[in-house]
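For reference, the structure is listed below as structure tokens.
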Amino acid sequence: MTDLIVLAISCILINNILLAQYLGNCPFLGTSKKMETAVGMAMAVVFVLVLAGVITWIVDTFILKRWDLEYLRTIAFILVIASLVQFVEMFLKKSIPALYAGLGIFLPLITTNCAVMGVCLINIKEEYNFIQALVASFAYAAGFGLALILFAGVRERILLARVPRPLQDTSIGLITAGILSLVFFAFKGMV
Amino acid sequence: MLEATLVMLAIGGVCGLVLSIASKIFYVYEDPRIAEVEGFLAGANCGGCGYAGCSAAAAAVVAGKAPPSICMVAGLESAIKVAEIMGLDPGSAEPMKSVNECLGGVRADDKYFYNGAPACAALAALWGGRRVCTIGCLGLGDCIRACRFDAIEMGPEGYPVVDEARCVGCGVCEKVCPKNIITVRTMSQRLLHFNEEDDALAPCRQTCPAEIDIPKYIGQIREGDYEGAVHTIRERNPLLLTCGRVCPHPCEDYCRRGIVDEPVSINQLKRFVADYEMNSGKRLPIPCAPETDKKVAVVGGGPAGLSCAYFLRRLGHRVTIFDAMPELGGIARYGIPEYRLPARVLDWEIQGILDLGIEARCNNKLGRDFTIASLRREGFDAIFLGIGAWSDYRLRVEGEDLDGCWQGIKFLSKVAAGEKVKVGPRAAVIGGGNSAIDCVRTLVRLGVREVYLVYRRTRKEMPANEVEIEAAEHEGIKFIFLAAPVRVIGDENGRVTHLEYQKMELGEPDASGRRRPVPIEGSETLLEVETVITAIGQRPDVSFVEKDPDLAKLKVTRWNTIDNDPETLQTSIAYIFTAGDAATGASLVVDAIGGGRRAARSIHQYLNGEPVKGSPKSLRKRHIPESLFDDVPGVVRSKRTPMPELPVEQRLDSMVEVDLVISEKDALYESGRCLSCCRLCYNRETEQQENQGAGQDGSSEDAGRELEEATA
Ligand SMILES: Cc1cc2nc3c(=O)[nH]c(=O)nc-3n(C[C@H](O)[C@H](O)[C@H](O)COP(=O)(O)OP(=O)(O)OC[C@H]3O[C@@H](n4cnc5c(N)ncnc54)[C@H](O)[C@@H]3O)c2cc1C
Ligand code: SF4
């Protein structure tokens with residue numbers, strides 16, 4: 001149990017997917033201008049990442065590993081994740097329209113998100129078992145959400161600040177992201 | 001290999017199967033228009049529109065949350081198609097285009113003097129651009145690098161040139177330009193832009209009541225692009241032939257060239273290109289925004305009404321002009337005489353405006369032939385009142401209604417309408433303004449032998465334009481200064497025989513700073529004349545207000561002008577707007593034109609259901625102090641092109657136009673005199689540095705200061 005908690009903490013804070021591993025930077029910059037969007041995106045990522053983490057783990061363990069086809073991992077994962085997202089989108093639209101209204105528009109954006117892909121590959125590389133893969137996927141996604149929401153909060157405040165014109169928008173966004181990333185470095189060595 | 005292919009096929013097959021089954025099971029009805037709309041979007045999923053991908057954008061369009069022109073990549077055609085699907089008026093599909101406001105001034109060779117900061121943004125942050133004016137193109141091409149559609153390139157003059165055909169209006173160039181120089185707007189937005197504190201404005205352009213981009217059109221003339229110059233003027237002023245002839249050009253008083261030698265002859269250049277278009281035999285096309293279904297009634301077809309109608313039409317609205325007189329033009333037709341502004345020229349100009357698709361109903365007077373209620377019943381959504389100031393002030397002396405007495409506007413409009421007016425061999429005109437001068441010069445042309453101009457103060461205080469006074473002097477008018485009429489004397493038949501006036505002397509200065517004339521006791525003098533014209537000013541005739549119950553709430557000031565919000569020109573009744581002499585009291589043609597455009601902007605907002613408000617940083621003829629630099633080093637003195645005029649002997653017995661247009665050679669010479677103020681970026685600084693002889697070091701101190709400014 002403690003192992004799993006340690007794993008979760010390290011995935012959320014120490015190896016934060018956005019700020020320590022630098023994956024998924026386009027939604028990080030793209031959907032962080034408004035808190036509302038950031039929250040929607042964070043939830044969508046949690047949702048998709050947990051599902052994708054689990055499914056890809058199953059595909060890898062029971063199909064690819066069994067027939068020694070690890071070299072097909074990347075392409076197989078892309079296919080699986082893309083179909084999965086499509087499927088989830090359709091499912092939500094029909095069955096849980098309220099959730100769809102909140103997440104729906106973000107789902108297609110995550111289809112080809114490198115953070116999702118990255119976590120699935122990390123799960124395999126670290127040779128997690130099923131439970132670990134589940135926890136890690138959730139924790140990475142939570143870390144993604146945490147960083148995104150923090151960042152959106154900062155960016156909303158920046159809107160009120162007087163930023164020199166040449167540094168406005170994405171430029172100041174990148175600087176802020178850099179500082180946030182430095183902050184997360186403080187967690188290094190915690191576990 | 002075979003294995004791998006089979007496995008991938010299998011995975012793919014399973015995924016496909018699951019998805020296709022899912023799509024059956026989880027089918028939800030979706031507005032088919034969403035897919036249709038999405039088909040016309042670029043499919044780049046770039047998010048540039050602010051939505052998460054193209055389908056989200058399409059959904060937003062169908063939900064009515066986004067305009068059809070939302071996709072910044074797909075361009076105009078797609079916007080029109082999308083608008084079609086949505087059955088929307090394509091008005092909102094007007095394309096955005098990037099325009100570089102700064103067409104480069106006199107650019108120094110030392111542009112790359114600032115080694116190490118090859119980007120505009122960096123330069124602006126570090127040095128504030130090292131220029132005198134706070135605005136002006138830095139020419140290092142940040143916008144060129146930013147544009148993803150290759151629509152901007154560095155022109156031969158060293159400033160970026162936009163290729164309109166390629167520009168999709170995405171707005172990146174505007175974002176990266178640190179100087180507010182390159183802007184991305186629709187034509188309508190451009191037409192409605194008013195001078196603002198942060199704009200790149202030459203002193204002359206700040207002064208012009210119509211806010212014409214003067215250095216730009218002068219620059220275009222210099223390059224021989226006369227059509228471009230006409231377009232530039234028409235963005236702000238539809239009456240260029242008229243203004244080119246009668247405008248007293250307040251802009252020239254602020255011309256920086258005037259510090260060294262003489263101001264650039266701005267108005268003659270305007271007239272030159274305006275006449276060039278008219279004489280070329282064809283009209284340059286004037287683009288209008290897509291039609292809307294809004295109707296506006298413009299009451300009064302003078303300069304203010306014509307300008308307002310012109311801009312509203314270009315914004316896509318349907319406009320009808322109502323005028324009391326048989327023909328449009330207002331004072332420009334019925335006040336300003338033929339020898340200054342020939343009717344033929346005015347006709348050509350007005351026809352061009354009506355050709356945009358504006359209906360004109362002449363001989364239709366508000367209060368006599370129609371009312372506000374009847375306009376509303378006809379379906380007009382907004383009303384513009386540009387009825388001018390047509391009621392002459394009266395002298396209030398004995399005998400002013402005798403046979404042979406006239407009032408300025410009545411007299412001039414009768415002559416202009418071609419009616420026969422009976423005047424004696426001797427005439428006196430009372431007043432010192434432009435109308436008085438117009439009256440005396442008209443009288444001379446009607447064959448009156450002796451024409452007197454009787455004015456209370458001295459020549460120095462005359463409000464008329466200097467050139468007009470000089471012309472009157474050349475034409476042999478006799479000026480009687482410091483004279484106040486006390487009585488008009490008639491014979492037993494009631495015909496005027498004399499004007500009695502009292503001599504005056506100048507006393508203490510009054511509130512206006514002019515020395516007040518005081519009468520000299522016992523100095524009454526008789527002047528033998530058969531005709532007396534009073535031209536001492538006019539005010540609006542607002543008699544229709546009382547008669548019209550719908551106008552009960554319309555506020556009228558104590559000068560009889562219609563009260564309005566000075567920024568939006570909206571009156572106390574929300575759907576009525578007013579500008580020109582009706583709102584300001586007797587003023588200038590160019591003021592009326594500027595007012596007409598400002599009113600058009602507010603009316604446009606009103607029709608679109610937006611709050612009617614002015615632009616927050618609007619200058620309204622105020623000046624930006626730091627742009628009025630007071631030395632212009634390095635200017636070689638050159639003479640101002642004189643106004644060519646008809647010799648006096650040829651002009652006196654006819655109404656032929658007196659002032660002539662300058663030749664092409666002179667126009668090119670005169671346009672070369674313009675200093676392109678507020679576009680000149682580097683020269684002045686270099687000069688300073690050379691004087692200091694210190695190069696980069698010498699300027700480090702103010703670099704620090706400017707850095708502070710840039711970040712403050
Ligand atoms: C003699 C004279 C000379 C001038 N010379 C110059 C000059 O050289 N340069 C310069 O810049 N300015 C000059 N001005 C000033 C300039 O002409 C005016 O400022 C300008 O014309 C005002 O335009 P406007 O549209 O507000 O009004 P106007 O030109 O007066 O037009 C008002 C229009 O409204 C119509 N109208 C009035 N009442 C009604 C009604 N009840 N119903 C329907 N229609 C109505 C009139 O018929 C007229 O067509 C001169 C003015 C005068 C009197
Ligand atoms: S020199 Fe040219 S730009 Fe400068 S004030 Fe005169 S006309 Fe305007």
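Atoms considered below: every heavy atom in the structure, side chains included; atoms not considered: hydrogens, waters and symmetry mates. Every chain is numbered from 1, with letters handed out A, B, ... down the list of sequences.
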> What residues, two or more places apart in sequence or in another chain, satisfy side chain to side chain donor-acceptor pair (under 3.5 Å) together with Gln132(A)?
Replying inline: none
>> Just to verify, what does Ser137(A) make a side chain to side chain donor-acceptor pair (under 3.5 Å) with, not counting sequence neighbours?
In response: Asn123(A)
>> Quick check: closest heavy atoms across Leu19(B) and Phe87(A), and the distance to 0.1 Å?
In response: CD2-N, 3.6 Å
>> Tell me the closest heavy-atom pair linking Leu79(A) and Cys15(B), and the distance in Å.
In response: O-SG, 4.4 Å
> By a 4.5 Å heavy-atom criterion (distance strictly below it), what part of Ile75(A) contacts chain B: side chain, backbone, both, or neither?
Replying inline: both
> Has Phe138(A) got more than 12 heavy atoms of other residues, nucleotides or ligands less than 6.0 Å from its CZ?
Replying inline: no
>> Tell me whether the count of non-hydrogen atoms from other residues, nucleotides or ligands lying under 6.0 Å of NZ in Lys617(B) goes above 12.
In response: no
